[in-house]
Every structure is written in structure tokens, then in C-alpha cells.
Amino acid sequence: MRRALELALRGTGRVSPNPRVGCVILKDGRIIGEGWHAAYGAPHAEIVALSSATEDVRGATMVVTLEPCVHQGKTPPCVPQILASGIARVVIGMLDPNPLVAGKGVEQLRQAGVQVRVGVLHAECFWLNRYFAKHIVTGMPYVVGKVAQSLDGCIALPNGESRWITGEESRRRVHALRAEIDAVLVGKNTVFRDNPHLTVRAVPGRQPWRVVLDTQLQLPMMSFVFTDEYRERTILCCSAAALRTRKAETLRESGLQLLEVPTDETGRLHVPTLLRLLAERFQIASVLVEGGAQVLSSFLQQNLLDELHLFIAPLVIGAGRHPFEQRAIETLEQAWRLHLWAVLRSGEDLHVIALKEAPSVSRAVRESMPSEVE
Ligand code: AOF
Ligand code: ZN
């Protein structure tokens, strides 16, 4: 299963909104076939592994990170092909949360007399496909917040200066996150103050969508996200009124995607609707919210963050900007209490990963699945 997980990772940045899946075929303890899902719409990992086998697979064991499918999608169902191959045993990392599959793959394999085991390295397999799982069950993207801060919790000086608080290794990790996520999202103020590229530079990887919230289209036309080589990967979100302006027309002509989002009672873009639109129109299954404070606060306020990555530099600033400063609560009970998932060293910085849901299977996914996990 560890090998299958390694193979699955090769689909990073290429298969979303589908899952990353890896598969290994074993005979007498030797690997005789390997496969992974290499691209969206391409053959599934199981089929690639079967066709790569260097020996007859009859009687062999298939190890796969995700339950084999039973539905006709962009490719034919895997289970019938596994049965036809004569595989005797299937070891599965996690059940497929896709309602079209969810337990039926295991059921059909067992009915045909194949020996099945579910839940091997379940946490690892689930971690790899947490974005896919939320998106396929809820139709909403999985949302990750990213904060780069000082030891005393500041993301910038009071005047907005923030370059650079964290070190090179942390910035590399952020680029790696961008390369595996479908979209990075920032508010108007961040583009205005930092004029960021929001590209993947420090690691190899593909460029995600860049989502910019600018309700009234006030940002300068010369901002990098509107003019650089990836401008066609920028989705500019604004109100219906702003969309009717000449500026909107000019921006669209230069290749940007403009997305109309309804506003809420405070006049700001309605974020839950925005997230749903990103999923529906652009097949975005995961979003990395990179700030600033206003956007992070509003995501927190609306309970829209599934995961938080804190990069904490050994630096004390004193008076400064705080990542969630626009949220105010009256009792500690209203604080967002997360589950600690990992505390890592990132060069001279700390890298803390915390989750909304207990680090196993999120509730929405769990409720949609049979109580099969062993
Ligand atoms: C994948 N790759 O290796 C496996 C998947 O439209 P399709 O035919 O590509 O089917 C996508 C669904 O198939 C996906 O939502 C998941 O439920 C199941 N398994 N998908 O993209 C794979 N094994
Ligand atoms: Zn399949």
C-alpha cells in the first residue's frame, strides 16, 4: 500500500477533481504490475496496473488506494475488468466516497468470490484524497487557509509591510501546496499591497487557478495577476454592477475569467456561493486561501475553512496585523477550536497543520459511507 500511495502521488496536479489513485499487483509477494491515475479522464489506476502486468495475474493480489469503481464514467467500470482478469484478492485503502460507488465496489467483488480487505493505511489514503472526498460528497471545494506569521501572531506591520516574515523553506512549501491545489484565492487588498504573482516557482508543478475577490473592480489593470503569462488562469470575482463596466470588458478581452458573484447584506461577495460557483463552473475541488486578514476573517466567520497551515517564523513583531483580526467573539466557546494534525519544522520556521474535522474521515464523508472500514 505504501508503494501504491507513492504511485498515486504522481497524479498530483493532473487528475483533479478526480482522486489520486495508485495500484500494485502482487504475486507470491513480488510486484508484477503497477499503475496510477495519470490524468483527468485517463484510465483508472487499476486498469493501468492490470495492463502493465509482466505475468499472468490470475490468483494475484491487487493493492489499491481507493475502492475500485462500478460505474460508467469517462471510462468503463473497473470491477468487471478486475473480475475478468482472475485477480483473487483485493486490498483497499479507503472506500470511494463517490455516491455512485460507495461500498458497491467491495460488494460486487465479494459477491464474485474475491477476497477483499478494506482500510489498510486508511488515514494516509484519505489524506491524499481529502479534497476529492469533500467535493464529490458536497459539491463544494475543500478549503485550506494559509497564514505566514511571526511568533507573536502577526502577519504584517501596522502599515502592511510583510515581506518577508517566514523563510525560504516555508515559501517553498507554500509553492508545493499551490501545485497540488486547484485554486489560490486572495482578496483585493493583498493584490493591492503586495502585487503577488501567486505562481508555482520554487518547486516544479502546475499553475493553479488564481481567484481574486474585487467586488467593485478597483484593482489596477497592471497588477501581475492580470497581466503576466498566467493571466488566463485568473478568475476575477465581482458584483453584477461591476461586471457591466467598461473595465470589466477590457479585463475580459485580455484573457481573464470574470465571475459574477451575488453580494450579501454588507455589500461583500457571498463567499459560500462563490465557492459553489468555482466548483460548478471551473471544477475546482480545492482552494488555498492566502489572505489577507479580511478574507481569512470572513472565511472563518462563515465556518468555511477545512484546514489551516500556519507557518510561524521565530520573529517577534509587537504591534501588527493579525490574520483573523476582523472576527470578534464574546466568549471563548465561540473560538474556532481545531484538531492538531502535524507540527513540522520548516527550515527555521514551524509548520503547523490543523483540521476542522478530527483527522480521520470528515463527517460529511463518513455519513455517506457504509460502516465498512475495518
Ligand atoms: C479516477 N481514477 O484511478 C479511480 C477512480 O469519470 P471516470 O470514469 O474517470 O470516473 C471517476 C470516478 O471513478 C471517481 O470519481 C472515483 O469515484 C472513481 N475511481 N477515479 O479518476 C482512478 N480508481
Ligand atoms: Zn475505476
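Residues take their numbers from the sequence shown, with the count starting at 1. Just follow the structure's listing: the first ligand is 1, and inside any ligand the first atom is 1.
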**Asked** Please state which protein non-hydrogen atom is closest to atom 15 (O) of ligand 1 and give its distance, to 0.1 Å?
**Response** Asn98 ND2, 3.1 Å

**Asked** What is the ring orientation for Phe224 with His197, classed by angle as parallel under 30°, tilted 30 to 60°, or perpendicular over 60°?
**Response** parallel

**Message:** Please determine whether the number of non-hydrogen atoms from other residues, nucleotides or ligands lying under 6.0 Å from atom CD of Glu348 exceeds 12.
**Reply:** no

**Asked** Going through the checks in order, is the side chain to side chain contact (heavy atoms under 4.5 Å, CB included) test met by Glu169 and Asp349?
**Response** CA-CA 8 Å; Glu169 170 60 14; Asp349 305 334; over 6 Å; no

Report all side-chain donor-acceptor pairs from residues 79-94 shorter than 3.5 Å, counting only partners two or more places apart or in another chain.
{"unit_1": "Gln81", "atom_1": "NE2", "unit_2": "Pro77", "atom_2": "O", "d": "2.9"}
{"unit_1": "Ser85", "atom_1": "OG", "unit_2": "Ile82", "atom_2": "O", "d": "2.6"}
{"unit_1": "Ser85", "atom_1": "OG", "unit_2": "Ile87", "atom_2": "N", "d": "3.3"}

**Request:** Write out the residue and atom name of the closest protein heavy atom to atom 3 (O) of ligand 1, then the distance separating them to 0.1 Å.
**Result:** Ala45 N, 2.8 Å

**Prompt:** Backbone N or O of Glu34 within a donor-acceptor pair of the Ser52 side chain at under 3.5 Å?
**Reply:** yes

**Request:** Look at the aromatic rings of Phe126 and His122 and report parallel, tilted or perpendicular, splitting at 30° and 60°.
**Result:** parallel

Return all side-chain donor-acceptor pairs below 3.5 angstrom for residues 267-281, not counting sequence neighbours, or 'none' if the list is empty.
{"unit_1": "His270", "atom_1": "ND1", "unit_2": "Thr273", "atom_2": "N", "d": "3.4"}
{"unit_1": "His270", "atom_1": "ND1", "unit_2": "Thr273", "atom_2": "OG1", "d": "2.6"}

Solution key, residues 213-223 side-chain donor-acceptor pairs under 3.5 Å, sequence neighbours excluded:
{"unit_1": "Asp214", "atom_1": "OD1", "unit_2": "Leu217", "atom_2": "N", "d": "3.4"}
{"unit_1": "Asp214", "atom_1": "OD1", "unit_2": "Gln218", "atom_2": "N", "d": "3.0"}
{"unit_1": "Asp214", "atom_1": "OD2", "unit_2": "Gln218", "atom_2": "N", "d": "2.8"}
{"unit_1": "Asp214", "atom_1": "OD2", "unit_2": "Leu219", "atom_2": "N", "d": "2.9"}
{"unit_1": "Gln218", "atom_1": "OE1", "unit_2": "Lys188", "atom_2": "NZ", "d": "2.7"}
{"unit_1": "Ser223", "atom_1": "OG", "unit_2": "Pro220", "atom_2": "O", "d": "2.7"}

**Request:** Using a 4.0 Å heavy-atom cut-off, say whether Phe132 meets ligand 1 through its side chain, its backbone, both or neither.
**Result:** side chain

**Message:** Students should be able to answer this: which protein heavy-atom is nearest to atom 9 (O) of ligand 1, and at what distance?
**Reply:** His44 NE2, 2.9 Å

**Prompt:** Considering only protein heavy atoms, which is closest to atom 18 (C) of ligand 1, and at what distance to one decimal place?
**Reply:** Asp96 OD2, 3.4 Å

**Per atom 23 (N) of ligand 1, closest listed option by heavy atom (Glu46, Arg20, His135, His37)** = Glu46

**Item:** Val203 reachable from Leu9 in the ILVMFWY side-chain graph, under 4.5 Å edges
**Value:** no

**Message:** Taking 4.0 Å as the limit for heavy-atom contacts, which would you say applies to Thr75 with ligand 1: side chain only, backbone only, both, or neither?
**Reply:** both

**Asked** So Tyr131 and Tyr142, would you call those rings parallel, tilted or perpendicular, with 30° and 60° as cut-offs?
**Response** tilted

**Asked** So is there a nitrogen or oxygen of Glu67 less than 3.5 Å from a nitrogen or oxygen in ligand 1?
**Response** no

**Request:** Mark up the atoms of ligand 1 that fall under 4.0 Å of a heavy atom belonging to Gly73, in ascending order.
**Result:** 6 (O), 8 (O)

**Message:** Please list, in number order, the atoms of ligand 1 under 4.0 Å from a heavy atom of Lys74.
**Reply:** 6 (O), 7 (P), 8 (O), 9 (O)

**Fill in**
Report for the Zn ion (ligand 2), protein N, O or S closer than 2.8 Å, by chain and number, lists His44 ND1, Cys69 SG, Cys78 SG

**Asked** Which bit of Gln72 is near ligand 1, meaning a heavy atom under 4.0 Å away: side chain, backbone, both or neither?
**Response** neither

**Item:** Over 12 non-hydrogen atoms of neighbours within 6.0 angstrom of CZ in Arg30
**Value:** yes

